[in-house]
Protein chains: 2
Amino acid sequence: MKTKATSLDIAYQAGVSQSTVSRALRNSPLVNEETRKKIHALAKELNYKVDKNASNLRSQHTGTLALLLFEDPTSDDSMINPFFLSMLGCITRAAAKNGYDLLVSFQQLSEDWHADYEDASKADGLILLGYGDYVDYEDKLKQLNEQETHFVRYGTIEEGQTGVSLGCDNFSGGYQMTQHLISLGYQTFAFLGGADEHCPEFKDRYLGHCKALREANIKIVPHNQIDAISTEGSGFSAANQLIQQHNLPEAVFCASDMIAVGALTAFQKQGINVPKQVALAGFDDIQVAHLTSPELTTMQQNTKLAAEVLVESLIKKIHDLPVESALIPAKLIIRESCGGKPNG
Amino acid sequence: MKTKATSLDIAYQAGVSQSTVSRALRNSPLVNEETRKKIHALAKELNYKVDKNASNLRSQHTGTLALLLFEDPTSDDSMINPFFLSMLGCITRAAAKNGYDLLVSFQQLSEDWHADYEDASKADGLILLGYGDYVDYEDKLKQLNEQETHFVRYGTIEEGQTGVSLGCDNFSGGYQMTQHLISLGYQTFAFLGGADEHCPEFKDRYLGHCKALREANIKIVPHNQIDAISTEGSGFSAANQLIQQHNLPEAVFCASDMIAVGALTAFQKQGINVPKQVALAGFDDIQVAHLTSPELTTMQQNTKLAAEVLVESLIKKIHDLPVESALIPAKLIIRESCGGKPNG
DNA sequence: CTGAAAGCGCTTACAG
DNA sequence: CTGAAAGCGCTTACAG
């Protein structure tokens with residue numbers, strides 16, 4: 001085994017003290033330009049890198065962010081929700097852009113996630129991501145807060161909730177989509193997706209949906225709201241249940257694209273044409289949304305922006321700057337699955 | 001700011017030495033069962049976690065793996081290749097299963113990736129992932145090897161290559177798929193995807209394709225191999241180029257599903273029916289493959305297994321155990337896009 | 001601008 | 001089974 005170079009080796013070869021090497025490497029203005037250059041050259045030559053554990057231990061911060069991804073326990077073990085996977089990609093980029101490393105961890109198993117990362121000095125702060133049932137997590141979030149652990153979560157904003165939450169404007173998204181469907185002339189509706197406090201983002205989408213319906217004097221049919229989690233299989237089942245109820249509505253708004261994709265298959269298997277016999281809309285604008293046939297009309301979440309806001313807010317929290325919860329607007333993407341004229 | 005509990009705090013409260021606390025917390029058999037329990041209880045009460053930086057520094061290993069994801073520089077900035085995103089998910093799981101944390105990093109920018117992680121004691125080893133142009137990287141890999149940095153890469157296996165490589169059996173995959181197409185009665189073929197040393201996995205798929213063709217005495221038409229990288233847009237362009245060449249072949253084998261998805265759109269825009277007028281096959285079996293219409297016949301990569309092998313091999317390397325390069329078989333998934341009878 | 005010294009919070013020989 | 005002590009490789013007051 002080769003032995004790794006340390007700052008002492010460099011100090012020895014440069015004929016300066018170890019402190020000076022440390023300063024030079026961090027480009028402290030306290031160091032003479034020439035010695036600084038000499039030391040940098042030597043470091044490069046010896047393939048020296050500052051030991052992160054040592055510097056973290058000494059300076060008491062890590063320069064890394066931990067992303068904790070909560071998965072729907074019911075979802076297929078091998079598959080991660082594509083929306084979160086894409087968020088993960090954007091967050092990694094955003095973290096790198098801000099000079100932080102990113103530790104990624106799936107959290108369906110560990111019970112101790114609320115403490116494992118920042119408390120163990122693995123990360124300076126946590127990003128919580130997932131269609132998590134924050135009702136269940138609330139206690140742990142409280143505990144995080146008491147321990148002064150820095151965290152931000154991606155999700156809904158609620159009265160009196162613990163910590164900072166960044167999220168998509170689900171209510172307005174549900175509202176906009178429904179208005180669009182109404183403007184297309186549809187009169188009867190269904191909503192596929194859980195709508196209670198255990199799936200708060202879906203609930204907000206549903207509430208926005210209902211608001212648009214009420215404004216247009218369209219009756220809300222309670223049994224046309226059918227629970228589903230964000231998987232194809234769940235969307236498939238929910239759509240089949242809807243079909244069996246008879247009186248198929250003219251338009252079906254799904255709480256997520258994954259649900260919509262499953263519903264699309266269900267309709268097509270029953271010989272029900274989308275959009276001619278039923279209009280179908282999703283939410284998220286994941287990649288598959290424009291690859292189905294018909295292409296899916298949906299509300300686009302701006303994952304890149306969301307990731308940046310998440311990372312930047314967390315960094316602010318780490319530096320004890322004030323951060324507010326905030327909503328990120330969703331954008332209506334009109335394609336083929338609802339009839340009307342596609343705009344993109 | 002609250003001050004974090006240290007092992008000394010626990011030692012004080014438990015009335016033992018700090019060494020004993022350290023031992024107890026790592027469940028050393030050297031510690032009396034009762035004191036062990038007392039210390040664990042105290043740790044929980046005080047919300048104590050072992051400081052990773054301190055323990056890593058002292059023990060000289062990190063318990064984390066770094067995943068370096070090389071992206072096709074030409075691909076859309078906001079979008080990560082879905083195949084690698086799914087690998088990422090599986091690798092995170094596999095790392096967790098083996099008790100390691102995972103540091104994730106995209107590497108299109110940094111020049112120093114070959115040293116940044118293990119040398120800085122951020123990780124015990126590196127996983128290299130991406131349709132990377134390993135021709136360009138070879139020098140850096142050599143350097144990694146010289147520094148005795150532990151790494152494994154996901155990719156092709158080549159004569160005299162540096163380090164351990166795990167990958168899909170692309171050659172056999174290309175061969176199998178082509179045999180399947182031939183068995184369906186197709187006589188003329190195109191291959192969409194780069195086939196030179198800069199995209200070694202595509203090249204192997206192409207070589208397997210050619211072997212099957214030769215065995216069936218089917219002429220290989222060089223201008224029917226059209227370069228493409230693994231994006232929809234590139235697949236779209238390649239298919240359009242093929243269409244403009246006239247004499248559309250009966251079957252088009254795409255080097256990846258993303259290419260196939262783009263090609264499908266191109267064919268459909270030109271009113272060319274898939275599979276009636278042209279059969280279309282992909283590779284990877286990414287999620288969208290079964291959502292297109294017609295559903296895509298493809299070669300499935302076993303991402304879960306690949307991730308586990310990758311992680312386990314790297315861990316072996318870290319422990320200086322011998323590791324061999326290995327190929328993971330791909331599986332033919334017959335759906336609709338090539339005609340014939342779907343099997344699943 | 002530079003150096004000597006302390007100390008971050010652990011793990012691990014060493015001695016008992 | 002337990003404790004006292006050294007030391008991992010840095011950063012950072014402190015003194016000059």
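We use all heavy atoms of the structure for the numbers below, so side chains are in, but hydrogens, waters and symmetry mates are not.
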Report summary line: Span of DNA chain C engaged by chain A, first through last nucleotide within the 4.0 Å heavy-atom cut-off, is C/dC1 to C/dG9

**Report entry** A/L42 side, atom CG; A/D9 side, atom CG - distance, nearest 0.5 Å
**Finding:** 9.5 Å

Report task. Say whether B/Q18 and B/S7, considering side chains only, have a donor N or O and an acceptor N or O under 3.5 Å apart. Result -> yes

Report summary line: Of A/V311, A/L69, A/V104, the one forming a side chain to side chain contact (heavy atoms under 4.5 Å, CB included) with A/I127 is A/V311

Requested in this report: Applying side-chain hydrogen bond (donor to acceptor under 3.5 Å, both in side chains), name anything that partners B/T20, two or more places apart in sequence or on another chain.
Outcome: B/S17

Query raised in the report: Regarding A/S19 and A/R23, is there a side-chain donor-to-acceptor distance under 3.5 Å anywhere?
Result: no

Report task. Could you verify whether a donor N or O on one side chain and an acceptor N or O on the other, from A/T156 and A/E158, lie under 3.5 Å apart? Result -> yes

Requested in this report: Return the 5'-most residue of the pair A/Q18, B/S59 with respect to DNA chain D, ranking by each residue's nearest nucleotide.
Outcome: B/S59

Report task. Can you tell me which stems involve DNA chain C, if a stem is defined as three or more consecutive Watson-Crick or G-U wobble pairs, both distances under 3.5 Å? Result -> C:1-3 with D:14-16, C:5-12 with D:5-12, C:14-16 with D:1-3

Query - Pairing of B/K97 and B/E308 as salt bridge, 4.0 angstrom limit - result: yes

Query raised in the report: Looking only at atom types and distance, does a side-chain atom of A/T62 sit under 3.5 Å from a main-chain N or O of A/S121, one as donor and one as acceptor?
Result: no

Query - Any donor-acceptor pair under 3.5 Å from B/E148 side chain to B/N145 backbone - result: no

Query raised in the report: In residues 31-46 of chain A, which ones come under 4.0 Å of DNA chain D, going by heavy atoms?
Result: none

Query raised in the report: Are there more than 12 heavy atoms of other residues, nucleotides or ligands under 6.0 Å from atom CD of B/E33?
Result: yes

Query raised in the report: Are B/E34 and B/K37 close enough for a salt bridge, meaning some N to O gap below 4.0 Å?
Result: no

Query raised in the report: Which residues, if any, of residues 19-29 of chain B bring a heavy atom under 4.0 Å of DNA chain D?
Result: B/S19, B/T20, B/R23, B/P29

Report summary line: The salt bridge (Lys or Arg N to Asp or Glu O under 4.0 Å) partners of B/K122 (sequence neighbours excluded) come to A/D101

